There are 2 protein chains.
Amino acid sequence: MRIVLVRPRNPLNIGAAARAMANFGLDDLALVEPYTTAWETARSARAGAKVLRHARVYPGLAEALADCALAVGTTDGAARSPELPLETWPQVAAALPAGRTALIFGSEKTGLSVEDLSHCHRLARIPTLAGAPSMNLGQAVAVCAYELRRQALPGRPRARAWAEALGEAKLIGSPERERLLNAWYPLLEQLGAIQAVHRTSQTRALRAMLLRWRLTPADERRLLGLARQLRHTLAGRRSAEAGRCPPG
Amino acid sequence: MRIVLVRPRNPLNIGAAARAMANFGLDDLALVEPYTTAWETARSARAGAKVLRHARVYPGLAEALADCALAVGTTDGAARSPELPLETWPQVAAALPAGRTALIFGSEKTGLSVEDLSHCHRLARIPTLAGAPSMNLGQAVAVCAYELRRQALPGRPRARAWAEALGEAKLIGSPERERLLNAWYPLLEQLGAIQAVHRTSQTRALRAMLLRWRLTPADERRLLGLARQLRHTLAGRRSAEAGRCPPG
């Protein structure tokens, strides 16, 4: 299990997250675009020192998730896409697949953005009260790490439903998905299916869609092949219009 | 459930405890001999403000427990009397009696003293790792409050198959899938992505792929729109080649 903190602002929270991870036996901490001061200050914290020493900093969420089989975003549900169901963390934790899972927490002020959420396979909510949904970041990490440890205690058989479901087929990961996006984006723009002015939101929607589709390596090959053929065809069209036909 | 903090030193921890209580629906906070500065500073905290406003200060643990039917002390087990068995907090929380229960946390530095522990009916340990047993006070309160809330959730948190979870999102059915195939097949053929001689097997493969992808109505609209734009573009190409450019 990798704990991913996206744009954390407060060094106390980074230190608290690391300490809670140590308490419950987690050691893989990833920071995405941390505020530099926060990160430098947190590194000097004593509690959870070993976790902090091995923590890695990534320039973006895609890079932090590159080697993860499953990405779970934590959210109170306000900003989520209607196409991804919102589950509770105990439910999600009870059915984790084999392979590395990333559990992702947003910044203290804003939580995860819709852009961040587009990288997530599943959305989990800590069952806080509706009247006071927002948790302190360090405490949220503590509660989630506790739940994992709790489920690993002897006498609680772990549900394997999700693992079995995922076991059906090997799925592509984050790097392959980004490669597909990069191959298709210019083509879709050229076809008029997406507009440059909406580039950010439409890339996000595309990513979320590809993620939901549970693409296999064979799907990836087909879609890359199709992009290649389409690129070739569109280039031929341009030369037909611009090259072979004399103007006027 | 009353949360009792004995001699807390750090205002941030008092504030964090109050916030976590609010998150999980607890509102009875008791402070035994808090450091005055810590308590005054904590009272100005915004998160968990209502809990802090109603918190009471007691001169000793006995007074804080006067109206409680059960007193549970939290400890890592180091200082406990051998006569009281040490249970895990999930075990204790699963079998709380009717009536008011106090859950007692010691100070950040020393935990509960043997004197404090002598006021407890039961001793509970949060299942941290042996190598890193000591939790931050605010996080310990958060984890315990979460466990109570978790046990109060309707039914036992159960693993849901991914399919069932996704079932909340509406998926397209067979007619919509066939419509998509009919829109895309001629385009893929024109692009050279599939060959007419393999029409049957390749349509089957395409259909199976669309089915695996679990498309939503929004996906269907996107893919139909893209097919329309592609058809338009390819038709333009044909007219560019065949119509506007004179042969030979």
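Since the structure is predicted, the reported quantities are computational estimates derived from the model, not experimental observations. Chain A is the first sequence line, chain B the second, and so forth, proteins listed ahead of strands; every chain is numbered from 1.
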Next item on the list: Give, as side chain, backbone, both or neither, the part of Leu223(B) having an atom under 4.5 angstrom from any heavy atom of chain A.
Entry: side chain
Check: Does any heavy atom of chain B fall under 4.5 Å from the side chain of Ile126(A), the backbone, both, or neither of them?
Finding: side chain
Notebook entry, point to check: According to the salt bridge (Lys or Arg N to Asp or Glu O under 4.0 Å) rule, which pairs have a member within residues 122-135 of chain B, sequence neighbours left out?
Noted result: Glu87(B)-Arg122(B)
Check: Which of the residues Gly25(B), Gly131(B), Pro127(B) is involved in the greatest number of heavy-atom pairs with chain A at under 4.5 angstrom?
Finding: Pro127(B)
Checklist line | Portion of Leu12(A) that has a non-hydrogen atom of chain B nearer than 4.5 angstrom | finding: side chain
Check: Does any N or O in the side chain of Asn23(B) come within less than 3.5 Å of the main-chain N or O of Ser134(A), such that one atom is a donor and the other an acceptor?
Finding: yes
Next item on the list: Side chain from CB out, backbone as N, CA, C, O: work out which of these in Leu230(A) comes under 4.5 Å of a heavy atom of chain B, or both, or neither.
Entry: both
Note to self: According to side chain to side chain donor-acceptor pair (under 3.5 Å), who are the partners of Glu147(B), at least two apart in sequence or on a separate chain?
What the structure shows: Tyr146(A), Arg150(A), Gln151(B)
Check: Which bit of Leu188(A) comes within less than 4.5 Å of chain B, counting heavy atoms only: side chain, backbone, both or neither?
Finding: side chain
Check: Are any non-hydrogen side-chain atoms of Phe24(B) and Thr128(A) less than 4.5 angstrom apart?
Finding: yes
Notebook entry, point to check: Is it the side chain or the backbone of Ala227(A) that comes within 4.5 Å of chain B heavy atoms, both, or neither?
Noted result: neither
Check: Quick one: does Arg222(B)'s side chain get under 4.5 Å of Leu206(A)'s, heavy atoms only?
Finding: no
Notebook entry, point to check: For chain A, which of Ala132(B), Pro133(B), Ala22(B) has the most heavy-atom pairs under 4.5 Å?
Noted result: Ala132(B)
